[in-house]
Amino acid sequence: MPKGATGALVFADGRVVWGQGFGAEGAEVAELCFHTAMTGYQEVMTDPSFARQAICFTFPHIGNVGANDEDVEADDPHAVGAIVREPVTSPSNFRSKVDFPEWMKRNGRIGLAGVDTRALTRLVRREGPPTVVIAHSAAGEFDLPALQRLASEWPGLEGMDLAKEVSCEQLRVWSGGKWEIELGYSDGGNEAERPHVVAIDYGSKRNIFRNLVEAGARVTILPATATSDEVMAHEPDGFFLSNGPGDPAATGEYAIPVIRAMLDTGKPLFGICLGHQLLALAVGGKTSKMFQGHRGANHPVKRLADGQVEITSMNHGFAVEREGLPNNVRETHVSLFDGSNCGIELADRPAFSVQYHPEASPGPQDSFYLFQRFVGMMG
């Protein structure tokens, strides 16, 4: 333990990475992953898809624009912790309301600075995502055997249903569109004449709903465990399946029957990330845990219909298996990083989904057309 260390990353096999802790004090077990976005750390930390994960940011300067009340994708951060290269400096941005360490502390999240994040990224690429405990003690006091035991006893994300933990608890009628500088988020979007989308919240990002509103829909959000009767009671014109954390096969135990009931209506259906995986499972496909996952705002995806390449935002550790998709399922998009599946559509139903995040936040806006396509299908 180097002199002055106040933070540690403890691996299940006993390895320890030391650094300077910031944010909340304490210790939390998580899956370690890396994220390659150069901006949007506040959106990343509040993305529910990062539940039970500690994020190693590959960009060295994280926290230098502080934090505000607008750049959040959920009510609370869902990532367990943040690991960064450089010590977090005082914020320098006109939108900042509080510095990043204080924001992390207020939200009970642990930070670790002064770490060789490139070495950690190479470790994940070489070994896959390890289980770690991220710990912060201002006094520099760590019970390493206990922390290692905590890491070694954690079962990992495979087989774990986390959607129930991060989903909304009750119905919510969404209001509000996309953000503009000096104007903030636009109002409205729930006018009766708009096509009505019932969205299932498996751990959704707010910007998804803003994009649906921007494309012309009105949105009602239901919890992950909503039954098909509860869904149909709202007389939707279409269905949306959100992103979310955990193993899709575990979430699918209660989600798949509802999705099949949606498909039986013949109404349009659109899924993103976990929603994409659940749609694939509902029609007979399979999913599996990836070796290292995709997390970043610069992932090239090829659209097979015309060869167009979209630069996309991604966050997933499970993927739809390309082999064995049913005959009525067409592959629409593939990753140019590793050739994994990134999109499907059904030949006999108005349903499609993508593995990446077309709403970005953070990330590029190449894929907004998907929201327009979905809303257009509802007439």
Q: State whether a side-chain donor-acceptor pair under 3.5 Å links Asn315 with His35.
A: no
Q: I'd like to know if the side chain of Ser335 pairs up with that of His299 as donor and acceptor (distance under 3.5 Å, no hydrogens or angles considered).
A: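 No donor-acceptor contact under 3.5 Å links the two side chains.
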Q: Quick one: sort the Phe352 and Phe374 rings into parallel, tilted or perpendicular, breaks at 30° and 60°.
A: perpendicular
Q: I'd like to know whether CD of Glu191 has more than 12 heavy-atom contacts from other residues, nucleotides or ligands below 6.0 angstrom.
A: yes
Q: Check this for me, if you would: do Arg106 and Glu102 make a salt bridge, where the nitrogen-to-carboxylate-oxygen distance has to be below 4.0 angstrom?
A: yes
Q: Strictly distance-based, threshold 3.5 Å: is any side-chain N or O of Arg260 a donor or acceptor partner for the main-chain N or O of Ala282?
A: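 Pair found, side chain donor or acceptor close to backbone of Ala282.
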Q: Quick check: closest heavy atoms across Leu112 and Ala8, and the distance to 0.1 Å?
A: CD1-N, 3.6 Å
Q: How close do Val320 and Gln355 get, counting heavy atoms only, and between which atoms?
A: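 Minimum heavy-atom separation between Val320 and Gln355: N-OE1, 4.4 Å.
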Q: May I ask you to decide if the ring planes of Trp174 and Phe209 are parallel, tilted or perpendicular, using 30° and 60° as cut-offs?
A: tilted
Q: Taking all atoms of both residues into account, what is the closest heavy-atom pair of Thr332 and Ile344, and its distance?
A: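 Closest approach of Thr332 to Ile344, heavy atoms only: OG1-N, 3.3 Å.
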Q: I need the minimum non-hydrogen distance between Ile311 and Pro364, along with the two atoms involved.
A: O-CG, 2.9 Å
Q: According to the interplanar angle, ranging from 0 to 90°, do the rings of Phe100 and Trp103 count as parallel (below 30°), tilted (30 to 60°) or perpendicular (above 60°)?
A: parallel
Q: Show the atom names and distances, to 0.1 Å, of all donor-acceptor pairs under 3.5 Å that link a side chain in residues 11-25 to residues at least two apart or in another chain.
A:
{"from": "Asp13", "atom 1": "OD1", "to": "Arg15", "atom 2": "N", "distance (Å)": "3.1"}
{"from": "Asp13", "atom 1": "OD1", "to": "Arg15", "atom 2": "NE", "distance (Å)": "3.2"}
{"from": "Asp13", "atom 1": "OD2", "to": "Arg15", "atom 2": "NE", "distance (Å)": "2.9"}
{"from": "Asp13", "atom 1": "OD2", "to": "Arg15", "atom 2": "NH2", "distance (Å)": "2.9"}
{"from": "Arg15", "atom 1": "NH1", "to": "Glu127", "atom 2": "OE2", "distance (Å)": "3.1"}
{"from": "Arg15", "atom 1": "NH2", "to": "Glu127", "atom 2": "OE1", "distance (Å)": "2.9"}
{"from": "Gln20", "atom 1": "OE1", "to": "Thr6", "atom 2": "OG1", "distance (Å)": "3.3"}
{"from": "Gln20", "atom 1": "NE2", "to": "Gly4", "atom 2": "O", "distance (Å)": "2.9"}
{"from": "Glu25", "atom 1": "OE1", "to": "Ala138", "atom 2": "N", "distance (Å)": "2.8"}

Q: Search all heavy atoms of Ser242 against all heavy atoms of Gly203 and return the closest pair with its distance.
A: OG-N, 3.6 Å
Q: Are more than 12 heavy atoms, taken from residues, nucleotides or ligands other than Lys178, located less than 6.0 Å from that residue's NZ atom?
A: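 Yes, NZ of Lys178 has more than 12 neighbouring heavy atoms, counting only those of other groups under 6.0 Å.
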Q: Do Asn207 and His357 have a side chain donor and acceptor closer than 3.5 Å?
A: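 Side-chain D/A pair, Asn207 to His357: absent.
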Q: Do Tyr185 and Arg206 have side-chain N/O donor and acceptor atoms under 3.5 Å apart?
A: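 No, because no side-chain N or O of Tyr185 sits under 3.5 Å from a partner of the opposite role on Arg206.
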Q: Taking everything shown except Glu193 itself, do over 12 heavy atoms lie less than 6.0 Å from its CD?
A: yes
Q: Is there a side-chain contact between Leu346 and Leu269 (heavy atoms, below 4.5 Å)?
A: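 No. Closest side-chain heavy atoms not under 4.5 Å.
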Q: Under a 3.5 Å distance rule, please check whether Arg52 uses its side chain to pair with a backbone N or O of Val29 as donor and acceptor.
A: yes
Q: Answer with yes or no whether the side chains of Thr227 and Asp229 bring together a donor and an acceptor at under 3.5 Å.
A: no
Q: Please step through side chain to side chain donor-acceptor pair (under 3.5 Å) for the pair Gln277 and Tyr202, ending with a clear verdict.
A: CA-CA 12 Å; Gln277 297 158 2; Tyr202 301 113; over 6 Å; no
